[in-house]
Each structure stands twice: as C-alpha cells, then as structure tokens.
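In what follows, chains carry the letters A, B, and so on, assigned in the order in which the sequence lines appear, proteins first and then strands, with residues in each chain numbered from 1. Here the structure is a predicted model, which means the values were calculated and not measured.
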Protein chains: 2
Amino acid sequence: MDNKLGKSARVGIRDVAAAAGVSPTTVSHALSGARAINPETRVRVLEVAQKLGYSPDLRARGLRSSRTFTVGLLSDTIAVTPYAGLIISGAQDAAAEHESVVLALDSTGDAQRELLGIRTLLDHRVDGLVYARMSHQSVTVPRELDGIPVVLANASSAESKYSSVVPDEQQIGLDATGHLLGVGHERIGFATVTENVPAAAGRELGYRTAIQAAGVPVNEAWVSASTGDAKGGREAGRAILDRENRPTAIFCFNDEMAMGVYQAANDLGLSIPGDLSVIGVDDLQLITRALVPNLTTIALPHYQMGHWAVSQLFAQAAAEPNAHKAERLHCQLVQRDSVKAPNG
Amino acid sequence: MDNKLGKSARVGIRDVAAAAGVSPTTVSHALSGARAINPETRVRVLEVAQKLGYSPDLRARGLRSSRTFTVGLLSDTIAVTPYAGLIISGAQDAAAEHESVVLALDSTGDAQRELLGIRTLLDHRVDGLVYARMSHQSVTVPRELDGIPVVLANASSAESKYSSVVPDEQQIGLDATGHLLGVGHERIGFATVTENVPAAAGRELGYRTAIQAAGVPVNEAWVSASTGDAKGGREAGRAILDRENRPTAIFCFNDEMAMGVYQAANDLGLSIPGDLSVIGVDDLQLITRALVPNLTTIALPHYQMGHWAVSQLFAQAAAEPNAHKAERLHCQLVQRDSVKAPNG
DNA sequence: GTGAAAGCGCTAACAG
DNA sequence: CTGTTAGCGCTTTCAC
C-alpha cells in the first residue's frame with residue numbers, strides 16, 4: 001500500500017512491527033521461533049510480514065548472531081570434470097537443509113590463488129569450510145584455516161583434527177573384482193594408474209584381495225599401469241591383452257581408461273562383452289552411456305561426499321567441535337552391458 | 001601480542017585504531033582510500049592493520065554501504081556436464097576482479113526449487129544475479145527477480161531489458177562447415193538434434209549458408225536429426241552414411257553426437273579421417289581427447305560467458321542500468337585429427 | 001587533514 | 001508472554 005514499486009525502501013522488521021502493532025523484538029521471535037509467542041500475535045505477525053513482502057536481511061541477522069549462513073567450499077580445478085558440480089551440488093543441498101548457502105571457490109591448483117580464496121572466504125566470515133579435491137588425494141590443510149571449522153571432502157589429511165570423507169577405495173576394488181568373479185571370470189586384469197594416490201593403492205588392494213580370496217593367483221602380466229585417461233587405457237589395455245594367455249575381464253581404474261580399453265580391444269578384434277568384460281569406476285555418464293556396449297562401472301559418491309562434508313560441518317558446530325570422524329563412503333556398482341560370463 | 005591463539009576476539013577496525021593512535025574513521029578511510037589521508041598516518045595504519053592481522057568484515061561493511069560483494073548465479077542442472085563448472089569459473093574470476101564472490105545455486109530444472117533459490121539469494125542480498133542455462137536456450141526471467149540487476153548467460157529472453165550473452169551459433173555452423181569446405185570437402189553432412197533450440201537453428205543456418213556460398217547444393221539426405229547424445233549420433237550417423245552417395249564429412253551438433261558418428265563409421269568399416277572427416281561442437285575434453293583420432297571441434301565459450309555476464313553486471317551498476325546489451329560470443333575452432341582432405 | 005556520532009537491520013540481554 | 005535497550009563492525013554524515 002504505502003510502498004512504491006521498484007526502488008522503494010526495503011521493508012524491514014520494524015515496518016512489520018509497526019503494521020502489526022507489536023515490537024520489533026516480537027516480530028523477530030515470531031519469525032525465528034526463538035522464544036514463545038502468543039499464537040495469535042504470531043499468526044498476525046506472520047501474515048503481516050507476508051503481506052508486506054518482508055524478507056530478512058541475512059547479513060544483519062548474522063552480524064548480530066555471528067553467523068553468516070554461508071559455508072565455503074574450496075577446491076582445486078572446479079572446471080574440467082563433472083565431479084566438481086556433483087560435490088558442490090551435494091554441499092548445496094546439505095547447506096540448504098541448514099538454511100545456508102555455499103560459497104564455492106576454486107584455486108585451479110595454484111597455491112597463490114588458494115591463499116587468496118581463503119582470505120576471501122574468511123572476509124565473508126563463512127561459518128565453516130569444506131576443503132575439497134576433485135580426485136581423492138592426501139592433503140595438508142593450510143594454516144590460514146585454523147580459525148574456523150574445516151571438513152575434508154574427497155581428501156584425507158595426516159592431521160587427525162579434521163573430519164574427512166572419501167570413497168571406500170578398497171571396497172571399489174573388492175566389488176568390481178567380485179562382480180567379475182561372480183559372473184564366472186577367473187582371469188581378471190587390472191588397468192591402473194602410475195601415480196601413487198590413495199585411490200590406486202586402495203583399488204589395487206581390493207582387487208588383489210578379491211582374487212586371492214577366490215583362490216586364483218594374480219597374474220602380474222595382467223596388471224598394467226599408465227596415465228588415467230583414454231590414452232593410458234589404450235596402452236594398459238594393449239599391454240594386458242596383446243598376448244596368448246589373456247584375461248577375460250579387465251577392471252579399469254576409471255571410466256576414461258575403460259574407454260581406452262574398449263579401443264584396444266577393438267584394435268585387437270576383441271568384442272565386448274563377448275571376448276572381454278570391462279568394468280570402470282566413476283560413472284561418468286558422458287562416457288558410460290556413450291560407449292557401446294554401455295559401460296558397467298562403480299559410481300564415485302561425489303554428491304554424497306559434498307553432502308556429508310557440510311552436514312558434518314553443522315553437526316560439529318552443534319556437538320563438541322572435536323568430534324572428528326573419518327568417513328569412508330560405500331560406492332555403488334552400476335550394472336550396464338559391458339560384463340557377462342566368459343566364453344566357453 | 002595481546003591476542004590469545006584461537007578463539008580470541010577478532011581484531012576489528014577499532015583495535016587497529018587504538019594501536020595506531022587514530023580514530024576508527026581514519027582507519028576506515030586509510031583502508032578504503034575513500035578520502036584523503038596524511039600519507040604517513042596512512043602507511044602507519046596499514047602496517048598496524050597488517051601486523052594485527054586485521055581482516056575486514058564484509059557483512060558489516062555491506063550492511064552500512066548496502067552492498068554484499070556477492071553476486072548470485074542461478075542455473076539449471078549444475079551437475080551433469082563440465083559446462084557448469086566453466087560458467088561458474090568464469091563468473092568467479094570476473095567477480096574476483098570486483099572483489100566479489102559468487103553464490104551459485106542450481107534449480108535442477110525444478111520451478112519450485114528455483115523459486116526457493118531466488119528467495120535465498122535475495123535474502124543474502126546479492127548485488128546482482130546471473131541467470132544461466134547449461135545449454136543455450138530461450139528463457140523467461142522469473143518476476144521475483146525484478147528488484148535486482150540480472151544478466152542472462154547462455155540464454156536469451158524475449159524481454160529486452162536484460163543483457164545476455166550466448167554463443168554465436170550461426171558462426172559455429174559457418175566456421176565448422178567452412179573448415180570442412182576449406183580442406184576440400186564438397187559433400188558435407190549435418191548430424192543435428194530434433195529439439196527446436198536456438199543452438200540447432202543457428203548452427204543449421206550457418207551450415208546451409210556456408211554450403212550455398214560455396215556453390216554446392218545441400219543434399220537433404222545428408223541432414224539427419226536425433227537426440228543430442230552418442231546414441232543419437234550413432235543413429236544420425238548411420239542414416240547419413242549408410243547409402244551409396246554418402247558425404248565425405250559430417251558436421252555434428254556436439255561432441256557426444258560426434259562420438260556416435262565415430263561408432264557408426266566404425267560399424268560401416270569407414271575410417272576417420274581417411275574415409276570420413278568429423279567435426280564436433282563443445283570441446284568436451286573427456287570426449288575430444290579420448291576419441292581416436294582426437295576430435296576436431298568448435299569450443300563453446302562457457303568460461304567466457306560466465307565472465308562476461310558478471311562483468312556486465314558490474315558495468316551496468318556503474319553506468320546507466322538500462323544499458324543492456326545482447327552479446328554473441330565468437331567460438332573457437334580447435335583443430336585436432338578428425339579432419340583431413342577427402343580421398344581421391 | 002581528522003574525529004565524534006549516528007545508524008545499516010537485526011537479535012541478545014535485560015527487564016517487566 | 002512482551003517490550004526496551006544496547007550493540008554486532010563497519011561507513012557515513014556532520015563537525016572541527
């Protein structure tokens with residue numbers, strides 16, 4: 001009524017108070033539920049607020065109650081893969097459950113930029129921060145972050161004071177290999193990466209454990225390492241397949257390498273899954289659904305890690321801040337068409 | 001010195017003032033440069049601030065000066081493709097140039113969630129908002145956004161009051177086809193999508209224009225539409241290639257379809273680029289560098305669109321707010337190995 | 001050139 | 001159950 005369109009002064013808590021005939025304090029509490037209010041007044045206040053189009057100013061609220069309803073998310077390379085989006089997506093959803101938002105920043109792997117990002121996030125007084133990596137690795141958290149709650153996502157740290165969430169790498173190796181074993185394969189290769197990262201070590205351990213548990217010895221000629229892309233998959237695939245006594249199935253470190261293995265198999269005239277079963281890791285839709293046959297894979301829980309990390313941030317704020325946890329998330333097998341029982 | 005480790009009270013502008021022997025006002029102006037200050041005091045204040053580890057509270061600053069140093073970025077489906085990351089990345093960098101950050105939220109294409117996101121962003125009093133789409137489309141901006149500056153990224157609107165930035169779709173078609181023509185192809189196919197989106201219309205127009213300009217008539221049997229994924233590419237590719245009089249090159253709507261065309265060619269025993277040249281659009285590294293041969297493509301300027309959009313937001317704030325622009329960004333050809341001169 | 005006072009919009013502390 | 005007062009940390013009047 002009294003507000004002009006457009007540039008009119010924003011309606012604040014005192015406008016609502018005046019219109020409802022109560023004090024600003026009452027409005028505040030009616031809105032937040034922080035203290036008991038006469039149900040009738042409460043309803044009236046809410047109606048008035050609604051009618052006036054009141055929307056709270058989160059900065060002002062936070063300035064007083066020393067919260068910003070904002071959590072930071074600092075990652076390397078946001079840009080290249082869909083992973084980043086999923087971690088952020090999970091983080092956003094979890095933040096929303098606590099009426100917060102996430103301020104995502106990426107360092108592009110540059111220490112300089114990372115420091116700048118930290119400063120920015122700190123200046124914005126984020127309530128907590130998720131320190132994330134796009135591929136599972138071990139990190140050391142910058143000291144500048146000491147003042148605020150930090151949770152690690154897709155990363156682990158030697159320092160035990162941080163909660164962290166990572167994929168259960170060993171379980172991936174176990175389940176992938178187990179799935180292959182389960183449909184009848186006994187000669188199973190492993191195309192992995194040369195880098196010494198937790199993901200590679202964990203998956204390989206799972207692979208070896210599963211095979212040995214099945215009473216089949218590991219043939220070292222069937223394990224080959226290269227780069228973690230299609231080219232590497234091609235190389236590793238060729239190294240594994242281009243011999244007399246070749247495996248009937250290959251567990252690949254990731255979907256990109258699996259794509260390379262498809263190409264190597266194609267070059268050798270091997271058909272999938274007829275002559276060779278293939279299983280990947282990641283569940284990159286761009287690849288898994290594009291390959292013919294569609295790739296069976298194990299999905300990495302990026303969304304869940306993002307979600308878990310900020311949930312944990314809030315949980316820690318609520319409980320004792322020292323209750324840090326190291327979570328290993330289960331990874332789901334996604335069956336498609338690249339695995340079947342071996343021939344003959 | 002006087003600060004305990006950890007939970008100590010944050011050092012504020014008044015602490016700096018006390019330590020430097022000046023008033024808070026002077027500190028404020030020394031830091032912001034908003035008014036002339038004795039150079040010596042200025043230096044002293046800055047040094048003290050540095051020593052004490054002062055960092056400004058952006059909320060408080062914004063509360064007073066009614067800015068938040070925050071811009072919103074509202075998109076559909078942040079999650080599935082690497083595009084989102086690139087748009088956000090560009091937006092972040094542009095925001096950083098104005099000492100701001102971006103609050104990215106995705107609606108998952110759900111109107112309900114979008115409204116919620118808008119409300120959230122508004123409650124956080126973002127200084128402006130980028131309304132983005134992950135694939136180029138025409139949108140109508142929600143009325144709830146009326147109060148604040150809005151710029152469209154990878155989207156256009158019938159309403160002319162919004163600035164917008166999109167890829168130059170026609171130029172893509174022109175350049176892709178022109179490149180093929182340039183190396184000697186005369187029989188050029190087009191694998192496109194069935195959806196009626198600006199991207200499809202623009203690229204097709206560019207394709208037809210280029211071909212006609214070269215004096216070659218378009219053969220309608222060489223234009224085939226399907227879904228915009230590998231499967232669709234396979235279908236369109238087969239439709240175009242499985243005939244006597246087939247083209248020697250195919251321009252694909254995107255890299256995923258190009259991947260499908262590779263598969264169709266492979267099925268028909270056609271080699272790339274020997275028997276068939278292929279060109280895509282998007283420059284999805286996951287695909288372009290994985291395919292053998294590596295895919296020549298036209299890169300979509302997602303990073304640049306994100307950057308342009310928030311730059312424009314700030315530019316509009318500075319100049320007259322009505323200075324809206326509709327920008328069409330040039331898209332760069334990325335030559336790899338899937339195009340060569342036709343045989344014979 | 002500098003400072004004192006006021007206040008951004010809200011909630012916490014202290015009344016009643 | 002409700003209101004008054006103070007103040008979050010800063011920048012902006014207004015004064016000198």
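Residue Arg35(A) is in base contact, counting any heavy-atom pair closer than 4.0 Å across all strands shown. Within 4.0 Å (heavy atoms only), His29(B) reaches at least one base atom of the nucleic acid. Backbone-only engagement by Ser65(B) is indicated by non-hydrogen atom pairs under 4.0 Å involving sugar-phosphate atoms exclusively.
Between Ser28(B) and dT11(D), a side-chain N or O to OP1/OP2 separation shorter than 4.0 Å is present. Here Thr41(B) reaches the OP1 or OP2 of dT2(C): one of its side-chain N or O atoms lies under 4.0 Å away. The phosphate of dT11(D) (OP1 or OP2) has a side-chain N or O of Arg61(B) nearer than 4.0 angstrom. At the phosphate of dG3(C), OP1 or OP2 sits under 4.0 Å from a side-chain N or O atom of Thr26(B).
Using a 3.5 Å distance cut-off with no hydrogens or angles, the side chains of Thr68(B) and Arg125(B) do not pair a donor with an acceptor.
Taking every side-chain heavy atom of Asn38(A) into account, dC1(D) is the closest of dC8(C), dC1(D), dC10(C). Candidate nucleotides dT2(D), dC10(C), dC10(D) were compared by shortest atom distance to the side chain of Ile37(A), and dT2(D) ranks first. In this structure, the nucleotide among dT11(D), dA4(C), dG3(D) sitting nearest to the side chain of Ser23(B) is dA4(C). Nearest to the side chain of Thr25(B), among dA5(C), dA12(C), dC10(D), sits dA5(C).
In this structure the side chain of Phe314(A) reaches within 4.5 angstrom of the side chain of Ser100(A), judged on heavy atoms.
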